[in-house]
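Take a look at the structure below.
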Amino acid sequence: MRTFLLFLACLVFAVVSVTGFRGTKTTRNPIEIFPDMVRQAKVKEQAPSLFFPDRRASRYPVTGTVPTSDPVDQPYLNTGMIGDYWGDGIPISVTAETLKKGKERFEIFCSACHGAAGSGNGIATQYGLVGVPNYHSDHTRQMPDGQIFYVITHGQGLMLGYGANLSVEERWTVVAYIRALQLSQNATLADVPIAERPELEGK
Ligand code: HEC
């Protein structure tokens with residue numbers, strides 16, 4: 001028992017000497033079992049740095065850098081807007097390949113909510129997600145292409161943006177694919193090439 005009490009006294013003394021009395025303040029860094037990245041060797045913007053010969057931490061882009069998505073250069077392509085208004089039209093070339101790519105991206109990123117045909121009945125709606133619009137409603141059908149691009153980029157209401165997941169070009173392929181889905185649900189025989197009509201008519 002005596003040994004135990006002695007041991008306990010030593011333990012209390014050791015703990016108090018490491019952690020300090022309650023309310024004691026220190027200017028030292030807290031003890032971190034798993035160090036986070038608050039304290040690290042880094043260069044802060046607009047601050048001097050001894051690393052570079054000109055002593056500036058902020059650097060110019062490397063000579064010959066080509067901007068890939070500069071809204072100033074190609075505003076419609078990169079934002080879906082022309083001035084203060086939504087633009088209309090797909091600013092990349094639309095081929096069968098484009099639609100294939102758009103379908104692939106759509107099925108990965110959008111169909112879980114919007115449904116494979118864009119009717120707003122994706123698998124997530126079976127688990128309680130409400131308010132997913134149907135692309136075949138007049139509202140979505142009348143949205144300019146640029147606005148759809150913008151919704152994909154930044155999201156809208158309950159929907160998050162996918163600008164970080166899809167490149168500018170991929171977003172336009174998805175817009176093109178949405179237009180194809182809309183056409184597919186509202187087409188007449190006149191939209192089908194003459195050569196392929198007999199097949200549809202069952203002849
Ligand atoms: C997690 C579910 C979810 C995913 C994934 C999702 N959306 Fe949405 N989307 C929504 C919801 C919910 C709304 C309605 C948002 C609102 O207005 O409140 C919406 C709205 C939209 C609209 C506007 C339609 C209208 O008539 O207002 C478009 C266009 C759209 N989504 C396209 C896409 C595309 C393209 C993708 C894939 C890149 C995508 N969404 C992925 C849930 C989703």
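Counting starts at 1 for both ligands and their atoms, in listed order.
The option from G157, S111, P133, C113 that lies nearest to atom 14 (C) of ligand 1, judged by heavy atoms, is P133. Considering Y162, F109, Y135 only, the shortest heavy-atom separation from atom 33 (C) of ligand 1 involves Y135.
Here M143 has side-chain heavy atoms under 4.0 Å from ligand 1, and that is the only part of it that gets that close. Contacts of H114 with ligand 1, taken as heavy-atom pairs under 4.0 Å, involve the side chain alone.
Of all atoms in ligand 1, listed by their number and element, those nearer than 4.0 Å to a heavy atom of H139 are 25 (C), 26 (O), 27 (O). Heavy-atom proximity to V174, at under 4.0 Å, picks out these atoms of ligand 1: 35 (C). Taking every heavy atom of L129 and a limit of under 4.0 angstrom, the matching atoms of ligand 1 come to 2 (C). Taking a cut-off of under 4.0 Å to the non-hydrogen atoms of I178, the atoms of ligand 1 that pass are 35 (C).
Annotation for E45: atom CD does not count as buried by contact number, only 12 or fewer foreign heavy atoms lying within 6.0 Å. Open room surrounds CD1 on I194; 12 or fewer heavy atoms of other groups in view lie less than 6.0 Å from it.
The shortest heavy-atom contact between A57 and A47 is CB-O, 2.8 Å. Here the closest heavy-atom approach between residue D145 and residue Y76 is recorded as CB-OH, 3.9 Å. Closest of all the heavy-atom pairs between S93 and T98 is O-OG1, 3.0 Å. Among all heavy-atom pairs drawn from C113 and L129, the shortest one is SG-CD2, 3.5 Å.
Among protein heavy atoms, the minimum distance from atom 15 (C) of ligand 1 is reached at Q156 O, 3.1 Å. V151 CG1, 3.7 Å is the protein heavy atom nearest to atom 22 (C) of ligand 1. Atom 29 (C) of ligand 1 has its closest protein heavy atom at I148 CG2, 4.0 Å. With hydrogens left out, the protein atom closest to atom 34 (C) of ligand 1 is C110 SG, 3.4 Å, a heavy atom.
Note that CD1 of I148 and CZ of R171 are 14.5 Å apart. Values are rounded to the nearest 0.5 Å.
M159 lies close to atom 8 (Fe) of ligand 1, since one of its N, O or S atoms is found at a distance under 2.8 Å.
Ligand 1 is never approached by F106 to a heavy-atom distance shorter than 4.0 Å. The closest approach between A112 and ligand 1 stays at or above 4.0 Å for every heavy atom of the residue. Not a single heavy atom of A124 sits under 4.0 Å from any atom of ligand 1.
Seen from the ring of Y177, R105 does not count as a face-on cation partner, given the 6.0 Å and 45° thresholds.
Between the side chain of W172 and the backbone N or O of P91, no donor-acceptor pair lies under 3.5 Å.
In terms of hydrophobic clustering, with Ile, Leu, Val, Met, Phe, Trp and Tyr side chains grouped at heavy-atom distances under 4.5 Å, Y135 and M159 are assigned to a common cluster.
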